[in-house]
Amino acid sequence: MHLQYKLTDLYERLLKSYGYQGWWPLYYSIPPGVTFGNYKKGYHPGDYNFPQNSVQKLEICLGAILTQNTKWQNVVSALHSLNASNLFSLTALQKATSEQIAVAIKSAGYYNQKSQTIKRLVTFLRAHPFAKLKNESTPVAREKLLSIKGIGPETADCILLYALDKTSFVIDAYTTRICRQLRIIDKKTSYAELKHLFESSLEKKKELFQEYHALLVCHGKMYYSRKPYGVNDPMIDF
DNA sequence: AACCAGGACGTGA
DNA sequence: TCACGTCATGGT
């Protein structure tokens with residue numbers, strides 16, 4: 001079976017098992033009064049008309065940084081804390097010191113590093129507003145994001161895909177584990193190689209990229225969070 | 001009570 | 001390049 005078919009087939013199977021995921025979850029920048037399925041939890045399955053404004057884009061960037069090697073629930077409480085501290089805007093984050101931000105995001109862990117990364121991001125966004133970034137080509141915007149210390153490949157790709165609607169596939173630890181287990185790649189395949197594999201195999205639609213990554217995380221949480229990874233994965237029979 | 005989480009960076013080989 | 005240590009909280 002060709003890899004291209006394998007990857008599109010895996011998507012179909014995951015979608016059938018788990019349904020639409022509705023990423024990126026938004027909690028503190030949603031328009032008031034909007035109700036959409038389990039919207040209160042932040043997810044908006046089937047609705048790809050997000051983000052709608054720069055505050056929502058900022059929330060996605062913050063979430064992408066805060067969730068580095070961290071459970072999402074800890075990120076949610078950090079976002080709540082930021083909101084309670086009136087730090088949920090570019091101008092507020094600009095005025096705040098990294099120490100003040102660190103206190104607010106404590107629950108997400110690595111708060112010293114992440115607070116400084118957030119400060120660098122805010123400085124960056126002053127010179128490169130979202131509207132300007134969207135007009136850049138994906139590779140150029142990606143390089144600019146990667147130039148920010150504390151923003152690596154996965155965080156940059158999350159921002160590109162979910163905040164800027166760019167078709168940049170996100171590779172995370174679950175994606176790598178799943179693809180190894182399903183013999184799609186071997187142990188020494190790099191982030192860039194796996195990313196290229198997905199991007200060259202799939203239709204370049206941001207809705208597909210957004211759902212696929214979310215589905216891989218959902219599946220990864222089920223079968224790939226504890227060693228030995230993926231031994232009970234029902235998708236294993238290709 | 002060790003283990004893990006939607007990583008990234010600095011270092012030495 | 002790459003393997004390894006470090007950063008840190010909170011749930012299981």
Side-chain angles (χ1 to χ4, degrees), chain A residues 11 14 18 20-27 41-45 50 59-82 84-85 98-99 101-121 124 142-163 168-181 185-195 198 209-233:
Chain A
Y11 175 74
L14 292 171
Y18 305 112
Y20 293 102
Q21 300 298 300
W23 278 32
W24 189 275
L26 293 166
Y27 298 84
K41 293 177 183 172
Y43 300 86
H44 43 90
F50 288 97
E59 179 172 341
I60 294 170
C61 294
L62 294 175
I65 292 168
L66 292 172
T67 198
Q68 290 169 356
N69 202 35
T70 300
K71 278 206 166 74
W72 182 251
Q73 200 45 50
N74 290 7
V75 175
V76 173
S77 90
L79 289 170
H80 179 71
S81 173
L82 278 172
S85 309
S98 62
E99 288 79 10
I101 297 172
V103 171
I105 65 171
K106 182 162 171 269
S107 66
Y110 307 124
Y111 47 81
N112 287 315
Q113 305 185 115
K114 286 173 178 176
S115 59
Q116 294 182 48
T117 302
I118 289 170
K119 286 298 285 181
R120 290 185 205 107
L121 172 81
F124 171 85
R142 189 170 193 270
E143 281 310 309
K144 289 184 173 171
L145 288 169
L146 286 175
S147 73
I148 303 168
K149 183 178 170 186
I151 293 186
E154 183 182 344
T155 308
D157 287 329
C158 279
I159 292 172
L160 289 167
L161 180 59
Y162 293 103
S168 192
F169 203 89
V170 180
I171 305 298
D172 73 326
Y174 288 134
T175 306
T176 307
R177 289 174 195 169
I178 292 168
C179 288
R180 276 182 191 160
Q181 178 71 4
I185 58 172
D186 58 25
K187 202 161 177 64
K188 58 180 174 61
T189 305
S190 69
Y191 185 104
E193 289 169 332
L194 187 52
K195 174 181 172 65
F198 275 97
F209 281 31
Q210 289 176 345
E211 282 298 341
Y212 205 156
H213 171 62
L215 285 165
L216 285 166
V217 171
C218 176
H219 187 60
K221 282 176 176 169
M222 303 283 296
Y223 301 100
Y224 290 83
S225 59
R226 199 165 290 272
K227 291 180 182 176
Y229 299 131
V231 284
N232 296 318
D233 186 350

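Every chain is numbered from 1 and lettered A, B, ... according to where its sequence line falls, protein lines coming before strand lines. No hydrogens, no waters, no symmetry mates; every other heavy atom, side chains included, goes into these values. Bear in mind that the values here come from a model prediction, so they are computed numbers and not experimental data.
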Item to check | Nucleic acid footprint by protein, nucleotides 4-12 of chain C - heavy-atom cut-off 4.0 Å, B for base, S for sugar-phosphate alone | outcome: ---BBBB--

Checklist entry - Are Asp172(A) and Thr175(A) close enough that a side-chain donor and a side-chain acceptor fall under 3.5 Å? => result yes

Checklist entry - Cut-off 3.5 Å, side chains only: do His80(A) and Tyr27(A) have a donor facing an acceptor? => result no

Starting from [atom2] on [N], measure out to [atom1] on [X] and report it in whole angstrom.
X         : N      : atom1 : atom2 : value
Arg120(A) : dC9(B) : CZ    : C1'   : 10 Å
Lys187(A) : dT1(C) : NZ    : P     : 20 Å
Leu146(A) : dA8(B) : CG    : P     : 9 Å
Trp72(A)  : dG7(B) : CH2   : P     : 12 Å
Asp157(A) : dA8(B) : CG    : C1'   : 14 Å
Lys188(A) : dC2(C) : NZ    : P     : 9 Å
Met222(A) : dA5(B) : CE    : P     : 15 Å
Ile151(A) : dA8(B) : CD1   : C1'   : 11 Å

Item to check | Selection from dG6(B), dC4(B), dA8(B) that lies nearest to any side-chain heavy atom of Thr155(A) | outcome: dA8(B)

Checklist entry - For Leu216(A) and Tyr174(A), what are the C-alpha separation, side-chain angles and deciding distance, and is it a side chain to side chain contact (heavy atoms under 4.5 Å, CB included)? => result CA-CA 7 Å; Leu216(A) 285 166; Tyr174(A) 288 134; 5.6 Å; no

Which value, in whole Å, describes the distance between the [atom1] atoms of nucleotides [N] and [M]?
N      : M      : atom1 : answer
dA8(C) : dA2(B) : C1'   : 16 Å
dG6(B) : dA3(C) : C1'   : 23 Å
dG5(C) : dC3(B) : P     : 14 Å

Next on the checklist: One pair to check against side chain to side chain contact (heavy atoms under 4.5 Å, CB included): Thr189(A) and Thr176(A). What are the steps and the verdict?
Outcome noted: CA-CA 9 Å; Thr189(A) 305; Thr176(A) 307; over 6 Å; no

Checklist entry - With nearest nucleotides of DNA chain B determined for Thr67(A) and Gly150(A) from heavy-atom distances, which residue corresponds to the more 5′ nucleotide? => result Thr67(A)

How about [X] and [Y]: do any of their side-chain heavy atoms sit closer than 4.5 Å?
X         : Y         : result
Leu14(A)  : Glu211(A) : no
Tyr110(A) : Ile105(A) : no
Thr70(A)  : Lys114(A) : yes

Next on the checklist: Categorize Ala173(A) for me: base, sugar-phosphate, or nothing, with a 4.0 angstrom heavy-atom threshold over every strand shown.
Outcome noted: sugar-phosphate

Checklist entry - With stacking defined as ring centroids separated by under 5.5 Å and planes differing by under 30°, is Trp23(A) stacked against dG6(B)? => result yes

